[in-house]
Amino acid sequence: MMKSQDAKRFETIVIGGGQAGLAVGYHLAKRGMPFMILDAHARVGDAWRKRWDSLKLFSPARYSALPGLPFPGRGDSFPTKEQMASYLQVYAERFKLPVKTGVRVEKLSKDGDEFVLQTKDGEFRADNVVVAMGNYQEAKWPEFARELNFGIVQVHSLDYRNPLQLQDGGVLIVGVGNSGADIAMEVARTHRTWLAGKENGYIPWRIETFMGRNVMSRVIKFVGHTALTVKTPIGRKLRPKLLTKPAPLIRVKPADLVKVGIERVEKVVGARDGKPLLADDRTLEVRNVIWCTGFTPGFSWIDLPIFGEDGAPMHESGIVDRAPGLYLVGLHFLFSMTSDTIGGVGRDAERVVKAIEGRTRRSRAA
C-alpha cells in the first residue's frame, strides 16, 4: 500500500466519540499524549439523541459520569437521553478533547507498522488506534421480516423514537429485553399491543425507590465492577453466559406489562400469508411491528485478522495481541460486567491508555 501524501497522521486515533471514546481521550490528554477522536455523528452526544424520546438511564446520575466530571443535578436522579447527550458534549468541551465529527471510518487496515483509516474525508494514519465503540452498532433483523405485508409499518428499536411513527391499529413488539419492555409500556398507551417472546428474568426491586436509588444501585455497581471481572473465578465462569444472554428486565416488571393490557404471545418464528407467525402456529393481524431483536457489532470495516470463529474481536481486556497498537474500549464485558456502562468505561479507558503509553515509550527508546 502506497502512502498518500494527503494522509493525516497522528500518534493515536480514537474511533468513536461517545462515552468510551471521550473517556479514552480524557486519559490521553491527562498524560499529554497527542491524539485525534473521529466520530461519524454530526455532534458529540448524537448517538444518545437519536434513541427513543422517553429513554432514561437505568443507573442514577452519581454512577453515570465519566472520569473527571460529575454528572450535574441530583445524584439519585435517572438522566434522560438528552441530558446524557448534553453531558457528553460539555465533557468534550471542558477537557478540550480534539473530536472531529462527521467522519465515518469506512476501513481500518495496516500498512507496515502504521494503521490506515479510510474515510470520505481522506486517509488517516496512526501508530495506535482505539476502537471505542459498543456491541450495538447495526440493527439485527430476522430474514423473514421482508415477507410481511407491505402495508405493515416495520421499525427497529434503533430507529424507534415515539408512537407517532406508527399507524393506527395493533402493534407487535418482538423481543422482551429492556428496550422491548420499555417501548411496549409506552406504545400500549395509544395502541393495542402484543409483546412476543420471554424475558431473561427481572430485577425484583423498583430502581426508582429510595432503596433502589441509594442502596441497591451501590450493590449492583460493586458486584458488576469488582466481583464480575475477567480476574475473578466467578467473573470468568459467568462471562460467556453474560455475553450471549440478554440482560434481565431492570425498570419494567412482567406484572407491569400485564397491568397496562399488553398481551404476551409466543416467539415470532416466521411469516405466513404476510402476517407474523408465532411459535404456537398462530398468526397475528397487526398494522405495526417494532423489532427489538438486538444488534450486531458492525465491525466489518475492520480489515485485520483479529476476529475469532464467532465473529467477535479477540482481545485481552481490550488489548489486541494480533494487531499490536490496536485497542478496544466500550465492548460488553471487555474486562467487567460494567465495561459497557457510563460508570464503568473509564477504568477500561485508563488501562488501555497506560498500554499505549508503554508501547510509545518502548518505540521511542528503540
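Residue numbers run from 1 in the order of the sequence given.
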Task: Pairs involving residues 196-205, ordered by first then second residue, that meet side-chain hydrogen bond (donor to acceptor under 3.5 Å, both in side chains) (sequence neighbours left out) - done: Glu199-Arg264
Open item on the list: With heavy-atom distances below 4.5 Å as the criterion, would you say the side chains of Asp348 and Val352 are in contact?
Closed with: no
Task: Geometric class of the His156/Phe295 ring pair [parallel <30°, tilted 30-60°, perpendicular >60°] - done: perpendicular
- [ ] Kindly give the heavy-atom pair with the smallest separation between Leu148 and Pro276, and that separation in Å.
- [x] CD2-N, 3.6 Å
Task: Exceeds 12 heavy-atom contacts within 6.0 angstrom, atom CZ of Arg236 - done: yes
Open item on the list: With a 4.5 Å cut-off on side-chain heavy atoms, are Tyr160 and Leu55 touching?
Closed with: no
Task: His27 side chain vs Lys354 backbone, donor-acceptor pair below 3.5 Å - done: no
Open item on the list: Is there a side-chain contact between Leu66 and Tyr26 in this structure, where contact means two heavy atoms from C-beta onward sitting under 4.5 Å apart?
Closed with: no
TODO: Measure the CD-CG distance between Glu114 and Asn128 for me, rounded to the nearest 0.5 Å.
DONE: 11.0 Å
Task: Under-4.0 Å salt bridge between Lys30 and Glu350 - done: no
Task: Any donor-acceptor N/O pair, Gln83 side chain to Ala61 backbone, under 3.5 Å - done: no
Task: Side chains of Val99 and Thr101 in contact at under 4.5 Å (non-hydrogen atoms) - done: yes
TODO: Indicate if Phe95 and Phe71 have the same hydrophobic cluster label, given that clusters are the connected sets of ILVMFWY residues with side-chain heavy-atom separations under 4.5 angstrom.
DONE: yes
Task: Electrostatic pair Asp127:Arg364 at N-O distance under 4.0 angstrom - done: no
TODO: Could you tell me which non-hydrogen atom of Glu11 sits nearest to which non-hydrogen atom of Pro34, and how far apart they are?
DONE: OE2-CD, 3.6 Å
Task: In one Ile/Leu/Val/Met/Phe/Trp/Tyr side-chain cluster, 4.5 Å: Val24, Ile13 - done: no
TODO: Let me see the working for Ser179 and Trp52 under side-chain contact (heavy atoms from CB on, under 4.5 Å), right down to the final yes or no.
DONE: CA-CA 9 Å; Ser179 297; Trp52 72 88; 3.6 Å; yes
Task: Leu331 with Ile342, same ILVMFWY side-chain cluster at under 4.5 Å - done: no
Task: Side chain to side chain, His315 and Leu334, heavy atoms closer than 4.5 Å - done: yes
Open item on the list: Are there over 12 heavy-atom neighbours, none belonging to Lys100, within less than 6.0 Å of that residue's NZ?
Closed with: no
Open item on the list: Quick one: does any side-chain atom of Lys221 pair with a main-chain N or O of Thr226 as donor and acceptor, under 3.5 Å?
Closed with: no
Task: Whether over 12 other heavy atoms sit under 6.0 Å from Arg94 CZ - done: no
TODO: Output yes when a side-chain donor or acceptor of Glu93 lies under 3.5 Å from a complementary backbone atom of Val90, and no otherwise.
DONE: no
TODO: Could you tell me which non-hydrogen atom of Ala227 sits nearest to which non-hydrogen atom of Ile234, and how far apart they are?
DONE: O-CG2, 3.5 Å
Task: Tyr327 six-ring centre to Arg359 NZ/CZ under 6.0 Å and within 45° of normal - done: no
- [ ] Please check if the side chain of Asn178 supplies one atom and the backbone of Pro248 the other of a donor-acceptor pair under 3.5 Å.
- [x] yes
Open item on the list: What I'd like to find out is whether the side chain of Met216 reaches to under 4.5 Å of the side chain of Ile207, using heavy atoms alone.
Closed with: no
Open item on the list: Quick check for you: to the nearest 0.5 Å, what is the distance between Asp310 atom CG and Leu243 atom CG?
Closed with: 9.0 Å
TODO: Check whether any side-chain heavy atom of Arg62 lies under 4.5 Å from a side-chain heavy atom of Asn214, and answer yes or no.
DONE: yes
TODO: Kindly compute the distance separating SG (Cys292) from CG (Leu195), expressed to the nearest 0.5 Å.
DONE: 8.0 Å
- [ ] Could you note down all residue pairs passing salt bridge (charged side-chain N to carboxylate O under 4.0 Å, His left out) where residues 32-59 supplies at least one of them, sequence neighbours left out?
- [x] Arg43-Asp46, Asp46-Arg49, Asp53-Lys81
Task: Validation row: Thr341, Ser59 side chains within 4.5 angstrom (heavy atoms) - done: no
Open item on the list: side-chain contact (heavy atoms from CB on, under 4.5 Å) for Leu28 and Val14? Distances and angles first, verdict last.
Closed with: CA-CA 10 Å; Leu28 287 167; Val14 181; 4.0 Å; yes
Task: All pairs passing salt bridge (charged side-chain N to carboxylate O under 4.0 Å, His left out) where residues 146-155 contributes a residue, at least two apart - done: Glu143-Arg146
Open item on the list: To check you understand the geometry: which heavy-atom pair defines the closest contact between Val345 and Gln19, and what is its length?
Closed with: CG1-O, 4.0 Å
Open item on the list: Please check: side-chain N/O of Arg239 versus main-chain N/O of Val230, any donor-acceptor pairing under 3.5 Å?
Closed with: no
Task: Over 12 non-hydrogen atoms of neighbours within 6.0 angstrom of CD in Glu316 - done: no
- [ ] Working to the nearest 0.5 Å, report the span between OG1 of Thr12 and CD1 of Ile356.
- [x] 4.5 Å
Task: Qualifying salt bridge (charged side-chain N to carboxylate O under 4.0 Å, His left out) pairs, either residue in residues 279-300, two or more places apart - done: Arg272-Asp281, Lys275-Glu285, Asp280-Arg282
Open item on the list: Quick check for you: to the nearest 0.5 Å, what is the distance between Ile183 atom CD1 and Ile290 atom CD1?
Closed with: 6.0 Å
Task: Shared hydrophobic cluster, Leu117 / Leu304 (ILVMFWY, side-chain heavy atoms < 4.5 Å) - done: yes
Task: Residue pairs fulfilling salt bridge (charged side-chain N to carboxylate O under 4.0 Å, His left out) with at least one residue in residues 293-306, sequence neighbours excluded - done: Lys107-Asp303
Open item on the list: Side-chain heavy atoms nearer than 4.5 Å, only ILVMFWY residues, links allowed to pass through others: does that put Phe124 and Met133 together?
Closed with: yes
Open item on the list: Tell me whether the rings of Phe299 and Trp301 are parallel (<30°), tilted (30 to 60°) or perpendicular (>60°).
Closed with: perpendicular
Task: Test log, rule side-chain contact (heavy atoms from CB on, under 4.5 Å), inputs Arg251 and Glu208 - done: CA-CA 8 Å; Arg251 179 170 281 117; Glu208 294 89 353; 2.9 Å; yes
Task: Contact summary for Leu172 and Leu284, nearest pair of heavy atoms - done: CD1-CD1, 3.9 Å
TODO: Determine the minimum heavy-atom distance between Ala184 and Ile173, stating which atoms define it.
DONE: CA-CD1, 3.2 Å
Task: Arg351 to Phe335 six-membered ring, cation-pi geometry met (6.0 Å, 45°) - done: yes
Task: Hydrophobic cluster partners of Leu277 (side-chain heavy atoms under 4.5 Å) - done: Val269
Task: Atom pair CE (Met36) and NZ (Lys8), whose distance is rounded to the nearest 0.5 Å - done: 10.0 Å
- [ ] Indicate yes or no for a side-chain donor-acceptor contact from Lys231 to the backbone of Leu228 under 3.5 Å, with no hydrogens or angles considered.
- [x] no
TODO: Apply side-chain contact (heavy atoms from CB on, under 4.5 Å) to Trp48 and Leu57, showing your working.
DONE: CA-CA 11 Å; Trp48 283 94; Leu57 273 66; 3.7 Å; yes
